[in-house]
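Written below as structure tokens is the structure these notes are about.
By convention in this document, chain letters (A, B, ...) are assigned in the order of the sequence lines, proteins followed by strands, and residues within each chain are numbered from 1. Below, each value reflects all heavy atoms present in this structure, side chains not excepted, and no hydrogens, waters or symmetry copies. Source: prediction; values computed, not measured.
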2 protein chains.
Amino acid sequence: MSADTLRALARDVADALAAVRTGPDATSASATDPEEAVAAALLGYLSEPGDGVLGRLVGVLGARSVAAALLAGRSGAALAEEVAAHAPVGVDAPSARELAAGVARWRPRVDETAFARSVVQAARVRARLLLPGDDAWPDAVADLGAHAPLALWVRGRPAALAESPSIALVGARAATGYGEHVAIEASAGLVDRGFAVVSGGAYGIDGTAHRAALAAGGTTVAFLAGGVDRFYPAGHETLLGRIAETGAVVSELACGAAPTRWRFLQRNRLIAAASGATVVLEAGMRSGSLNTAGHAAALGRPLGAVPGPVTSPASAGCHRLLREFDAVCVTDAAQMAELVTIGGVGVDGGTPPGAASRPDHVLEGLTSAERRVLDALGVRRARTIDELVRSTGSTPGAVLGALGALDATGLAARSGEGWVRRPPD
Amino acid sequence: MSADTLRALARDVADALAAVRTGPDATSASATDPEEAVAAALLGYLSEPGDGVLGRLVGVLGARSVAAALLAGRSGAALAEEVAAHAPVGVDAPSARELAAGVARWRPRVDETAFARSVVQAARVRARLLLPGDDAWPDAVADLGAHAPLALWVRGRPAALAESPSIALVGARAATGYGEHVAIEASAGLVDRGFAVVSGGAYGIDGTAHRAALAAGGTTVAFLAGGVDRFYPAGHETLLGRIAETGAVVSELACGAAPTRWRFLQRNRLIAAASGATVVLEAGMRSGSLNTAGHAAALGRPLGAVPGPVTSPASAGCHRLLREFDAVCVTDAAQMAELVTIGGVGVDGGTPPGAASRPDHVLEGLTSAERRVLDALGVRRARTIDELVRSTGSTPGAVLGALGALDATGLAARSGEGWVRRPPD
């Protein structure tokens, strides 16, 4: 019976598992069954990050059954039968073909000894194993759906992952003095506003953002593309160690796993998913931070980009995000904080910049005068009649008439001494 | 009979009028009746730019009748009766109250002698009087509706106003070296692409854009806020003279009229209306160029803004346009040219950046996989399946399935080796 193999494996790593599941911050871990923990850790160990077939398989059968089946050497066809027997109607269950390919990917990595070594190594570096449902688990990663991580390895303080609103500050390794200046101001300013600063621990913008957060006495979280036992890049070993003292260094890769190009890209999806918003501070056209930005956009997370001189290739990626990806232009920490705090609703109830525009059909019934007045209104700062007269070139009477009509249709509203545009419902 | 006074005035200024209506570039002027020309010039003379009541009054009665009535000293009440007798149903005719206020504004300026002097002065500086319907008249100003100019005074080559697609390059007087660099590159690059460069003749960005256009052998047009007999600012007398040699210096103000704050703001509406697109190159938070940008947006003209360092207050206005006014981020002349040449339709049939987004209801029926793939597609560059797999974190099968569904609903389309997002219909 395949469940025996999982039980045996849990016994083999019992001590190390106890260490990575409790540790100094014990209150943040739920009392998960050891076999459940071993199953999640094992599946993370033998798959590549973001494996949607595995995610969907676990969604149907649960991590324990899947881990036990793989330990027992069951075939894709056997798994497909089990899936067919258990998948509720409407669930996006993996096909037999996907399961055959999946098993072909996972089976070569089923090696209990190597896995046990990895858990022991995690215990040795005082890493912690976080599972969904743990207090410190970043629930927002559930938005990744089938691509969500099954477990996370954390060095430092797991609670850093969930205790504050967070913003990802990312950018190019090849940062300029301008980019570093922007990163320092942004990171320190966000810490002042109570945010945790999330980044990727890389040279350049990432490292500067982490450092500035630490210097400001804030919490910062680094997501790595390899195991947390080996800090990467090597030149940031000291920095990552300092991050782990008050914040957290996190990876979904098991200890011993080396960073690869794919893992960097998947690490980027975690940065985007675990953060309330993503801001690209400085990025050339080929910077990996644009990949993080793409994940944030795909997840519907607010995305900001800091502009720079158009003469600087180091800002070209940010300009592309502004131009082609509807990133919000953010120039300081206050505007970055606004991306998150408004959470899809404008500061004064208006649509945040970059949010979906009002459907065109709503606007089609407007007269040109109403349309001009509407165009001249902002969602934030109220415009006085005088301002509207000037900006639309209309008479006060025409402006008042248009405002009356816009008010009646819910497109504009009074605000203090003036008028604002109202967001779409 | 009031028409007699207009005839008498036309006789008084006949020689000067003949000069300002023909001149060296005679083919570009239509053979308008002299009384019609005098009427339009007179109404421009005695009103402030953008007077919507006058525009609507002329829309109902015609320039000749209105000019004759004002010369004859008729009251607002008398004009209101005439309007009531002539206004077709559905026309936005001025009310009796508006006409009373209008006559109170216009009548104090009815001074045939001073008007005649102004036309003589125009003839002396070889200015030309352009009227709607003339070959060189910039038809696009009709989008200003009741606020459109009734006549334009031009020094230089009137045809410069209508012969090429044009882009307004505007910005702050207090330009930095960065802004001037951007202005030179933009202006020269647009001339290379066959555009006329429109601006306001001011110090800083405007002047740099005009100069670079001249240096590149291109056509450039300056709109002034006062009469074209006196070049303003005085320090740009030589520059404006050079502009008039190959391009045009234009104003709706009669000769002798001094620039005022209101006239600068209204001049800005002409820059926006007469150009295919408006680009703000460098602007602080209080730059007048933001007013031009507001007019462009209100007119539905494409609006671009060039970003700069967030550390530079001289770029803060551009960043505000990007953040709050949906300006398109443009970083070079090619992107600026695209604002106009695409004219509301994307380069490859896609929506240009900053154009209206697809209504949300179209997206509501999508699965999350389809939505993620759609988010990962661009309207310009085609994405390959491999790229989409990476950027969405989905399997090739899921990406292909989503693309099939998006293709079927018209949201995505094949393009070369990959796929692009399709614009809303």
Check: Just wondering, are more than 12 heavy atoms of other shown residues or ligands nearer than 6.0 Å to CZ in B:Arg97?
Finding: no
Notebook entry, point to check: Taking NZ, NE, NH1 and NH2 as the nitrogens, is one of them in B:Arg421 or A:Glu324 under 4.0 Å from a carboxylate oxygen of the other?
Noted result: no
Check: What residue, out of B:Val306, B:Leu299, B:Thr311, has the most heavy-atom pairs lying under 4.5 Å from chain A?
Finding: B:Thr311
Margin query: For the interface with chain A, which of B:Gly300, B:Pro307, B:Pro309 has the highest count of heavy-atom pairs at distances below 4.5 Å?
Written below: B:Pro309
Check: Heavy-atom distance under 4.5 Å to chain B: side chain of A:Arg320, backbone, both or neither?
Finding: side chain
Check: Rounded to the nearest 0.5 Å, what separation is found between the NE2 atom of B:His295 and the CD atom of B:Gln266?
Finding: 5.5 Å
Notebook entry, point to check: Does any heavy atom of chain A fall under 4.5 Å from the side chain of B:Glu185, the backbone, both, or neither of them?
Noted result: neither
Checklist line | Value rounded to 0.5 Å, distance of OG in A:Ser287 from CG in A:Leu321 | finding: 9.0 Å
